[in-house]
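Counting starts at 1 for both ligands and their atoms, in listed order. One-based numbering along the sequence shown. Here the structure is a predicted model, which is why all the values come from computation and not from measurement.
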Amino acid sequence: MSAPMDSNLFQQLGLKHPLIVAPMAGGPSSVELVAAASAAGALGAMGGAYLNAAAIEAFAAQVRQRTDRPFSINLFISHSIPEVATDRFERAAAATVRYRQELELPSPQLSPPYEEDFDAQFEAVLRIKPACFSFVFGLLPVGYVREAKKAGIPLIGTATTLGEARALEESGVDAIVLQGFEAGGHRGIFDARAADPEIGMRDLLAQCVGTVRLPLIAAGGIMTSGDIRAALQAGAQAVQMGTAFLACAEAGTSAPYRKKLLETPERRTRTTRAFSGRFARGIENRFMNEMDGKPDAILPFPAQNKFTRDIRGASMAKGSPDFLSLWSGTGKGELWQNGAAELIGRLFAE
Ligand SMILES: Cc1cc2nc3c(=O)[nH]c(=O)nc-3n(C[C@H](O)[C@H](O)[C@H](O)COP(=O)(O)O)c2cc1C
């Protein structure tokens with residue numbers, strides 16, 4: 001059992017504000033957004049999951065050119081899956097043939113590996129030595145925990161249940177992101193095939209405070225200074241916010257995605273496995289609505305993520321939101337479109 005942290009991890013990191021601007025892999029977490037968040041006194045976070053080791057190192061070097069403030073790197077824990085069987089692939093191809101025709105794409109190909117090489121990514125993290133390393137989708141294997149500790153890199157795991165939080169605590173992490181069902185993007189559920197526990201952030205926080213003896217970081221649906229205050233008062237030591245920063249000037253959010261986010265402040269979202277094979281929350285669109293009716297045609301994560309990449313890429317190139325993953329949390333309201341530093345200043349104005 002690890003000892004309780006008597007000092008505040010976020011004070012140790014020298015942060016001005018108890019805020020992590022969420023790692024958002026796939027574009028939104030640009031070099032500019034990470035650097036701006038860190039320079040403004042929050043913790044900027046690189047979403048490195050879809051980058052190879054060289055790209056992760058290049059990204060970190062660019063952040064360091066812009067700021068000497070601490071930032072974190074985030075990766076997806078790898079769960080290797082068996083090669084996708086031919087009949088499953090054919091079902092997935094048949095269910096999407098119409099979209100590829102519409103987008104003028106060739107017939108799909110799919111072969112392993114389905115994701116970046118985690119070992120190489122992790123070795124890049126050790127070389128970069130960021131202020132923090134955070135991860136989702138499970139536990140960091142014990143050998144990696146040892147390596148990170150040896151390098152002096154604090155670890156932040158992600159939990160969607162009390163059970164996952166306890167397992168992370170046992171594994172030796174330094175802090176835990178409690179990701180509520182409201183959160184935009186991928187659900188951090190350890191078992192990709194399990195049903196979603198659907199626990200809201202406040203309930204999850206209430207279950208973990210006093211039971212899990214590590215700093216807890218609340219995530220999911222936090223949009224305003226009032227939301228931040230409520231999470232801190234309920235026992236969180238910090239918050240992690242993604243959606244609120246998606247339309248910031250520095251965010252790498254694509255034009256059709258940004259347009260959709262700004263179109264209506266209500267943003268109708270739900271979770272789907274259609275894009276990657278794992279549950280993730282995003283704004284409803286045609287791909288989600290049509291594919292969710294065909295669960296047998298959705299491949300397991302991360303194969304489905306690789307399988308749909310051409311469709312998402314072509315949709316973006318066409319400027320259409322119909323086939324894009326439009327990750328967004330349940331938080332409502334107009335999104336901030338100016339600089340991230342100004343948003344952070346406003347969130348912590350009092
Ligand atoms: C576009 C987008 C991409 C995301 N990518 C990641 C990621 O790469 N790694 C991760 O740990 N969390 C990721 N998340 C989830 C966030 O860490 C966080 O849990 C979530 O944004 C909090 O909910 P909110 O969006 O309502 O603020 C992503 C969220 C969004 C909106």
Heavy atom to [atom], shortest distance: which of [options] holds it?
atom: atom 23 (O) of ligand 1; options: Gly282, Gly188, Pro23, Ala183; result: Ala183
atom: atom 20 (C) of ligand 1; options: Ala219, Gly184, Gly331; result: Gly184
atom: atom 4 (C) of ligand 1; options: Met241, Met24, Glu182; result: Met24

By the rule that ILVMFWY residues connect when side-chain heavy atoms come within less than 4.5 angstrom, directly or transitively, which residues belong alongside Phe181?
none
Which part of Ala49 is near ligand 1, with near meaning a heavy atom under 4.0 Å away: side chain, backbone, both or neither?
neither
Applying a 4.0 Å heavy-atom criterion (strictly less than), which segment of Thr243 is in contact with ligand 1: side chain, backbone, both, or neither?
both
For atom 10 (C) of ligand 1, what is the nearest protein heavy atom, given as residue, atom name and distance?
Asn74 OD1, 3.5 Å
For atom 17 (O) of ligand 1, what is the nearest protein heavy atom, given as residue, atom name and distance?
Gln240 NE2, 2.8 Å
Does atom CZ of Arg193 have more than 12 heavy-atom neighbours, drawn from other residues, nucleotides or ligands, at distances under 6.0 Å?
no
Has Lys16 got more than 12 heavy atoms of other residues, nucleotides or ligands less than 6.0 Å from its NZ?
no
Could you tell me whether Pro28 and ligand 1 have an N or O pair separated by under 3.5 Å?
no
Do Ala22 and ligand 1 have an N or O pair less than 3.5 Å apart?
no
What atoms in ligand 1 come closer than 4.0 Å to a heavy atom of [X]?
X: Gly329; answer: 26 (O)
X: Gly242; answer: 21 (O), 24 (P), 25 (O), 27 (O)
X: Val136; answer: 11 (O)
X: Tyr257; answer: 1 (C)

State plainly whether the residues [X] and [Y] are in salt-bridge range, i.e. N to O under 4.0 Å.
X: Lys332; Y: Glu266; result: no
X: Glu284; Y: Arg270; result: yes
X: Arg166; Y: Glu169; result: no

Quick check on [X] - does any of its heavy atoms sit under 4.0 Å from an atom of ligand 1?
X: Gln179; value: yes
X: Thr158; value: no
X: Gly221; value: yes
X: Phe76; value: yes

What class does the angle between the rings of Phe76 and Phe301 fall in, given that below 30° is parallel, 30 to 60° is tilted and above 60° is perpendicular?
tilted
Within 45° of the axis and under 6.0 Å from the centre of the six-membered ring of [Y], does NZ or CZ of [X] qualify?
X: Arg187; Y: Phe279; value: no
X: Arg100; Y: Phe307; value: yes
X: Arg278; Y: Phe137; value: yes

Of Glu334, Arg267, Gln337, which meets side-chain contact (heavy atoms from CB on, under 4.5 Å) against Leu262?
Gln337
